[in-house]
Amino acid sequence: MTRRLPLRGSTPLLLSTALLVAGSALGATPATANDGVSAPAANYTATATPNGAIAALPPMGFNNWSRATCTPQAPLDGSSQSAYSFQQYMEDNAKALSDTGLIAAGYKTVTVDDCWMYRNSSGYLHGALNWGGATDVRNTAKQPGFDYELSAYGSYLHGLGARFGIYETSGTHTCSTATPTAPNLPNGSESYEQSDANSFEYWGVDELKYDNCGQQEPMQTLDTRMSNDLRTAATNAGSAGHNIAFNISAPAAYGNGSTKYAAMSWVRPLGQQWRVGPDIWNYGDGKDPWNQPLAGYNFGAYQSFDNTLELSRYQGPGNWNDADMLLIGDNGMTTAEERSQMSLFSALAAPLVISTDARKFEPAYIAAHPAEAAHLNASVAILGNAEVVAVDQDPLGAGGYRVVGGAANADGTPAATSGIDVVVKPLSDGSRAVVVLNKGATAANYSLDLSSVGFSTGGCGYDVRDLWAHSTSSSTGSVPLTVGSHDSAMLRITAQGGCGTVTPRGQITVSRDTWGKASLCLENYRSGTATNNPVDVYPCSGTSNQQWQMNGDGSVQLLQSGAGSLCLTAQSGSGTGAINGQSGQWAGVAPCGSAPGFQSWSYNRDGNLKLTGTTKCLDVYGGSTTTSGTPVDLYNCGAAPAAIQTNQTWAAPFGAPPGA
């Protein structure tokens, strides 16, 4: 959870532990982000452990929130619910992750979310005696909560080979807990950061998930204070100290606008990951969470992917966009949808955090519930697919970008029930992971053109590894696929014998100004081929007049069929816009090489496409980034990081995560 208020019977499958983890891939770039080595984040101290990188790879684990929220859960064996504690529920989930091999497969950080705590009258944080309670008075009418001290709980997790994750908020109170009963104090960390950091250190916490509820001071002030106090707690613990990874929710609190993009910059030196959007759909209303449009502060698994994709440029070792949780298990998605969420989140290099009733993964439960066995065994296999996990954990740390897809419905919301999405993720060995997602209601045949995703195909052969079928084929031009409804193919494509090159190709989208709408694509207006034909933003359609190639010389080349060699071009001065009749310095297309000084662009982490040698950025006219047909001009770049403009932030293809 990351809300800010107000704002807004078959045999069970045991997994192989032979994951292809990072660190051995040829061509891996060194970690240069705030990973605790080359540029330490504020929560890091070299005197504590680990004294290497913190979260150099996307974190993996479990969190109870999306599946259980603060709702008491019954034992699965039918025994009395009244004695079943919140702590026992978390321990049972951790044991199931261990018994099924998921901890060994990488899902190590077991995080307890909201409702575990209360703050006593002396100002210290402790486990609540009642499930979801905010008092130190035991109410026997309620289910038990947690131990007063959480050291034994942390030791239990560590004994399973897991890591201990915990939730708190930066404000005075968490998003879901009741008003504390006097003399107890508000349970949030505001004004108690150091004492809470000390408690986390004492209990053996490995990761802190930090929410946004109840702030009385600015979020940047609060998050900076906690980051520094985590370092102080680790330093003061001496040789027994350990660094605590910091998962910050701040960007998700700001909607989509300049304040959010400023936050994307200031959180970077404070921690290792950050939530970037609303909560993924919570369990309990009987709806399939795969496709759910924005409702309040929740949306579906596809929508969570779609929102996070346009922020891939912020990814890198030690710096991760948190797209929220994997709803793989008993949350209501089909096996195909679960496979697709795993494909898409791995293509994002997202933290892989399971939120389901993992107790149902236990072999004994599956054996006793044959009607559920096929689905649950498939869920465990999806989560444990070492080849897919290796894509997520690739040491380059690149997120994916969309080549085609991402269309909008008639009301502007993301189209999640029709069409094909193709997503490409650069990998450290020079290969590419490609996800082909079928959003339609029936199976679809699709021919993946290797040149369309950036591979040079003239005389070059490629190995095509199907990561779900675990089979390898060879191709020199295209890959025929049949993809089931809401299912996905995931391929790893590698040039044979070092042949060929890969050039970033695909759609360029402008950042949406609201979570509920789809991103719009940069397109060549009405596919015109005349010099200085304008460009605008339009619903993404997969047509060739929305396909662009990011060349090494800084040119951005249009890949429109039959248009010849045209490049994104800035006019030399002001003129009358062909689309809206207004005066401005407009952008269009012109023959590549025909306008020196007006066809070279730089692309950076802030998302600016900046005309080289100037202070001008590619800009959606008038600032409305979700209005179809809006023309694109050149305008003074908003000052980074505090005044980055949404209408000047673009998601573009890249070969490696762009720098600042």
Side-chain angles (χ1 to χ4, degrees), residues 302 305-306 309 312 336 339-348 385 387-388 390-392 394 398-407 415 418-427 429-440 442-496 499-509 521 540-550 559-561 653-655:
Y302 176 80
F305 152 76
D306 181 65
L309 183 68
S312 286
R339 187 162 38 242
S340 291
Q341 191 192 16
M342 187 70 177
S343 295
L344 295 171
F345 274 44
S346 295
L348 291 173
N385 186 322
E387 294 189 82
V388 174
V391 169
D392 179 81
D394 184 79
Y401 56 84
R402 195 183 261 128
V403 176
V404 296
S418 63
I420 298 285
D421 281 5
V422 178
V423 178
V424 172
K425 172 182 164 64
L427 301 174
D429 63 357
S431 64
R432 296 292 186 269
V434 180
V435 176
V436 179
L437 170 70
N438 173 21
K439 297 183 289 185
T442 60
N445 295 321
Y446 187 83
S447 180
L448 179 67
D449 182 353
L450 296 185
S451 65
S452 72
V453 295
F455 292 102
S456 59
T457 55
C460 194
Y462 292 87
D463 290 326
V464 180
R465 178 68 174 175
D466 187 320
L467 304 187
W468 290 114
H470 303 296
S471 62
T472 303
S473 60
S474 181
S475 176
T476 58
S478 63
V479 181
L481 299 166
T482 299
V483 186
S485 171
H486 294 188
D487 211 339
S488 60
M490 190 171 193
L491 311 173
R492 185 169 186 145
I493 303 175
T494 308
Q496 296 172 346
C499 172
T501 58
V502 190
T503 306
R505 289 181 169 183
Q507 297 172 163
I508 298 175
T509 58
C521 274
C540 301
S541 61
T543 53
S544 65
N545 70 330
Q546 295 179 350
Q547 293 291 302
W548 304 88
Q549 177 171 291
M550 309 292 284
L559 301 177
Q560 181 178 309
S561 300
F654 54 79

Minimum heavy-atom distance between Gly406 and Tyr302, given as atom pair plus value
CA-OH, 4.2 Å

Look only at the side chain of Gln547 and the backbone of Gly542, and say whether a donor-acceptor pair between them is shorter than 3.5 Å.
no

CG on Leu344 to CG on Asp392, rounded to 0.5 Å
12.0 Å

I'd like to check the salt bridge (charged side-chain N to carboxylate O under 4.0 Å, His left out) partners of Arg505; sequence neighbours left out, ordered by chain and number.
none

Gln496 side chain to Ser474 main-chain N or O, any donor-acceptor pair under 3.5 Å?
no

To the nearest 0.5 Å, what is the distance between CG on Leu448 and OG on Ser478?
8.0 Å

Does Thr501 offer a backbone N or O that forms a donor-acceptor pair with the side chain of Ser456 under 3.5 Å?
yes

Checking Ser561 now: which residues fulfil side-chain contact (heavy atoms from CB on, under 4.5 Å) with it, not counting sequence neighbours?
Ser544

Does some side-chain heavy atom of Cys460 sit less than 4.5 Å from a side-chain heavy atom of Thr476?
no

Worked check of salt bridge (charged side-chain N to carboxylate O under 4.0 Å, His left out) between Glu387 and Arg492
CA-CA 9 Å; Glu387 294 189 82; Arg492 185 169 186 145; over 6 Å; no

Non-neighbouring partners of Tyr462 that pass ring-ring contact (aromatic ring centres under 6.0 Å, His included), sequence neighbours left out:
Phe455

Donor-acceptor under 3.5 Å (Ser312 side chain, Leu309 main chain)
yes

Atom CZ in Phe345, atom CZ in Phe305: separation rounded to 0.5 Å?
9.0 Å

Kindly write out the residues that satisfy side-chain contact (heavy atoms from CB on, under 4.5 Å) with Asn545, not counting sequence neighbours, or none if the list is empty.
Glu523, Asn524, Ser527, Thr543, Gln560

Taking C-beta and beyond as the side chain, do Val436 and Val479 meet within less than 4.5 Å on heavy atoms?
no

Go through the steps to decide whether Cys540 and Thr509 satisfy the test side chain to side chain contact (heavy atoms under 4.5 Å, CB included), and finish with yes or no.
CA-CA 8 Å; Cys540 301; Thr509 58; 3.9 Å; yes

Is it the case that the side chain of Ser340 and the backbone of Ala336 share a donor-acceptor pair, with hydrogens and angles ignored and the cut-off at 3.5 Å?
yes

Do you know the tightest heavy-atom contact between Ile420 and Ala444?
CD1-CB, 4.3 Å

Side chain proximity check, Thr442 to Ser485, heavy atoms < 4.5 angstrom:
no

Can you list every pair that meets salt bridge (charged side-chain N to carboxylate O under 4.0 Å, His left out) and has a residue in residues 444-457, with sequence neighbours left out?
none

Can you give me the closest heavy-atom contact between Val391 and Ala433, atom names plus distance?
CG1-CB, 3.7 Å

Any side-chain donor near an acceptor of the partner, Thr482 and Asn445, under 3.5 Å:
yes

Can you find a heavy atom in the side chain of Asn385 that is under 4.5 Å from one in the side chain of Trp468?
yes

Atom CG of Leu491 and atom CG of Leu481: how far apart are they, to the nearest 0.5 Å?
5.5 Å

Can you tell me if Lys439 uses its side chain to pair, donor with acceptor, with the backbone of Ala415 under 3.5 Å?
yes

Using atom types as modelled and distance alone, determine if a side-chain donor or acceptor of Asp394 lies under 3.5 Å from a backbone N or O of Leu427.
no

Walk me through it: do Val404 and Gln507 pass the test side chain to side chain contact (heavy atoms under 4.5 Å, CB included)?
CA-CA 6 Å; Val404 296; Gln507 297 172 163; 4.3 Å; yes

For a quick test of reading the model, state the closest non-hydrogen atom pair linking Cys499 to Ala495 and the distance between them.
O-CB, 2.8 Å

Do you know the tightest heavy-atom contact between Ser346 and Val388?
OG-CG1, 3.4 Å

Minimum heavy-atom distance Thr494-Ser431, with the two atoms named
OG1-CB, 3.3 Å

Any donor-acceptor pair under 3.5 Å from Gln546 side chain to Ser541 backbone:
yes

Trp548 versus Pro504: any side-chain heavy-atom pair under 4.5 Å?
no

So, using salt bridge (charged side-chain N to carboxylate O under 4.0 Å, His left out) as the criterion, who are the partners of Arg402 when residues are at least two apart?
Asp306, Asp421

Could you tell me the separation between the CZ atom of Arg465 and the OG1 atom of Thr472, rounded to the nearest 0.5 Å?
4.0 Å

Lys425 side chain vs Ala398 backbone, donor-acceptor pair below 3.5 Å:
yes

Rounded to the nearest 0.5 angstrom, the CE-CG distance for Met342 and Leu467 is 11.0 Å

Using atom types as modelled and distance alone, determine if a side-chain donor or acceptor of Asn438 lies under 3.5 Å from a backbone N or O of Val483.
yes

Do Val422 and Val453 have side chains that get closer than 4.5 Å, going by heavy atoms?
yes

Validation row: Asp466, Met490 side chains within 4.5 angstrom (heavy atoms)
no

